[in-house]
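So the structure is just underneath, and the comments pick up after that.
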Amino acid sequence: MSRPRASDIQPRDVWVDHPQGRIFAREWSLAGAGAHRPASPIVLFHDSLGCVELWRDFPAELSAASGRRVIAYDRLGFGRSDARAALPALDFIAEEAREYFPAVREQLGLERFVVFGHSVGGGMAVNCAAAFAGACDALITESAQVFPEDLTLSSIAEAKGQFVDESQLQRLARYHGDKARWVLDAWTESWLHPGFAAWSLKSVLPQVRCPVLAIHGMHDEYGTRVHPEMIGELSAGPAQVAILPDTFHVPHRERPEAVIELVCGFLEPVRQGGAVCAP
């Protein structure tokens, strides 16, 4: 059987209702797959400045390679989701698993799932895997942080300075519209807040019982390899750590084929109804 191509994958836009506003989501699945979805879907959690559109072609490629339904959503305040008035609380990473993902899960019918989070989305994926340990089949982190490392904070401070240039904010507005300033502040003002210094995933990771794959670029400018290594060491389930050479903070954009190969190889034994990655 030939492997499906990304062009065979159909995207579908959906909306999730939440008491604080509507959440935009997109799902990708094989054309004509219908209701027969034997493998647990992969849910993508975007980074601090990200949204559904910024995943670009990766979800379709991942769906084609894995044979799984792939879902991404704009966190409330980001992308096409409704705006938020106030900045997130300092526990916003755990809050995503507590307050927002349950609505996404319920309304999209995610009885079982795989979570895949990039950067801060990796921390959110960790919290979801811990909070829904009985339903989460696997956890994949990419460029995730476990605590506010000095390198992380200095790089965020440097990026904040770059956004003094109004053209940088305009680029962000292409994806977030008039929410762009809020998106930027939600990132920089949260991570650089003195009260955020104590944040850590160290107490959450031992609650993760599913298989774990921690992907990290060797030259990641927002965190050293200590983060994937801690994810692998502290998780309660079997864990793999993959450090990609010649790679920075966005492996799925810099080296999509390598990331997809890693993910498919990792998910192959993680079966739900017998489905595995396409050969």
Side-chain angles (χ1 to χ4, degrees), residues 15-25 43-52 54 71-108 110 113-136 139-149 152-153 156 176 179-210 212 222-223 227 230-231 234-235:
W15 292 90
V16 173
D17 293 321
H18 187 275
Q20 296 182 35
R22 292 205 308 165
I23 295 172
F24 173 73
V43 183
L44 304 178
F45 294 79
H46 64 74
D47 65 302
S48 292
L49 300 182
C51 62
V52 169
L54 282 169
I71 298 161
Y73 71 95
D74 292 338
R75 297 198 299 276
L76 201 63
F78 296 79
R80 293 171 61 182
S81 291
D82 285 350
R84 296 177 64 174
L87 290 179
L90 291 182
D91 70 338
F92 69 100
I93 296 174
E95 182 186 56
E96 191 64 31
R98 186 174 66 245
E99 299 291 340
Y100 302 105
F101 178 66
V104 173
R105 182 189 176 200
E106 178 182 1
Q107 294 179 42
L108 298 187
L110 308 180
F113 53 84
V114 172
V115 287
F116 181 131
H118 172 234
S119 193
V120 75
M124 294 172 181
V126 168
N127 275 275
C128 288
F132 302 97
C136 186
L139 163 67
I140 302 160
T141 65
E142 181 194 48
S143 311
Q145 302 90 11
V146 175
F147 62 95
E149 188 180 19
T152 310
L153 299 179
I156 292 173
H176 302 286
K179 301 188 295 289
R181 172 58 66 180
W182 182 94
V183 167
L184 176 62
D185 289 346
W187 176 38
T188 60
E189 303 315 298
S190 296
W191 279 84
L192 299 177
H193 193 288
F196 192 71
W199 171 78
S200 173
L201 291 176
K202 293 178 184 178
S203 65
V204 182
L205 284 163
Q207 302 172 50
V208 176
R209 304 198 303 266
C210 63
V212 174
Y222 288 97
H227 299 284
M230 290 181 68
I231 291 170
L234 297 179
S235 297

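All values reported here derive from a predicted model rather than from experimental measurement.
What you find for P148 and F196 is that their closest heavy atoms are CG-O, 3.6 Å. Among all heavy-atom pairs drawn from W199 and Q145, the shortest one is CH2-O, 3.3 Å. Across every non-hydrogen atom of L184 and L49, the tightest pair is CA-CD2, 4.2 Å. The two residues E189 and L87 have their closest heavy-atom pair at CB-CD1, 4.2 Å. Across A144 and G123, no two heavy atoms sit closer than the pair CB-N, 4.4 Å. Nearest approach of C210 to L139, heavy atoms of both residues: SG-N, 3.6 Å.
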Evaluate K202 against L234 for side-chain contact (heavy atoms from CB on, under 4.5 Å), listing each step before the verdict. CA-CA 7 Å; K202 293 178 184 178; L234 297 179; 4.1 Å; yes
Carefully, step by step, assess C136 and V115 under the rule side-chain contact (heavy atoms from CB on, under 4.5 Å). CA-CA 7 Å; C136 186; V115 287; 3.7 Å; yes
Could you walk me through whether T152 and W191 pass the side-chain contact (heavy atoms from CB on, under 4.5 Å) check? CA-CA 9 Å; T152 310; W191 279 84; 3.9 Å; yes
So D91 and R98, side-chain contact (heavy atoms from CB on, under 4.5 Å) or not? Walk me through it. CA-CA 10 Å; D91 70 338; R98 186 174 66 245; 2.9 Å; yes
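Within the 4.5 Å cutoff, the side chain of L153 has no heavy atoms near those of the E149 side chain. R80 is not listed as a side-chain neighbour of C51, based on a closest heavy-atom distance of 4.5 Å or more. A 4.5 Å side-chain heavy-atom check between F92 and L90 finds every atom pair outside the cut-off. Looking at V120 and I93, their side chains come closer than 4.5 Å, going by heavy atoms from C-beta outward. V126 has its side chain within reach of L205: a pair of non-hydrogen atoms, C-beta onward, lies under 4.5 Å apart.
Remark: the Q20 side chain and the Y100 side chain contain an N/O donor-acceptor pair separated by less than 3.5 Å.
For the pair W182 (side chain) and A86 (backbone), a donor-acceptor distance under 3.5 Å is present. At least one donor-acceptor pair closer than 3.5 Å links the side chain of H46 to the backbone N or O of G50. A donor-acceptor pair under 3.5 Å is formed between the side chain of S81 and the backbone N or O of D74. Distance alone, capped at 3.5 Å, is enough to place a donor-acceptor pair between the H18 side chain and the E99 backbone. Checking side-chain atoms of D17 against main-chain N and O of R22 turns up no donor-acceptor pair under 3.5 Å. In this structure a side-chain-to-backbone donor-acceptor pair under 3.5 Å is present from K179 to G79. For the pair S235 (side chain) and I231 (backbone), a donor-acceptor distance under 3.5 Å is present. A donor-acceptor pair is defined here as one N or O able to donate and one able to accept, closer than 3.5 Å; no such pair exists between the side chain of S119 and the backbone of G121. With hydrogens and angles ignored, the 3.5 Å screen pairs no side-chain donor or acceptor of H118 with any backbone N or O of E142.
For the pair R75 and F78, the cation-pi criterion (under 6.0 Å, within 45° of the ring axis) is fulfilled.
In this structure, OG1 on T188 lies 12.0 Å from NE2 on H193, to the nearest 0.5 angstrom.
Heavy atoms of other residues, nucleotides or ligands lying less than 6.0 angstrom from CZ of R209 number 12 at most. Other residues, nucleotides and ligands place no more than 12 heavy atoms under 6.0 Å from the CD atom of E106.
In this pair, F101 and F45 present their aromatic rings tilted. The plane angle is within the 30 to 60° band.
The ring of F24 has its center closer than 6.0 angstrom to the ring center of W15.
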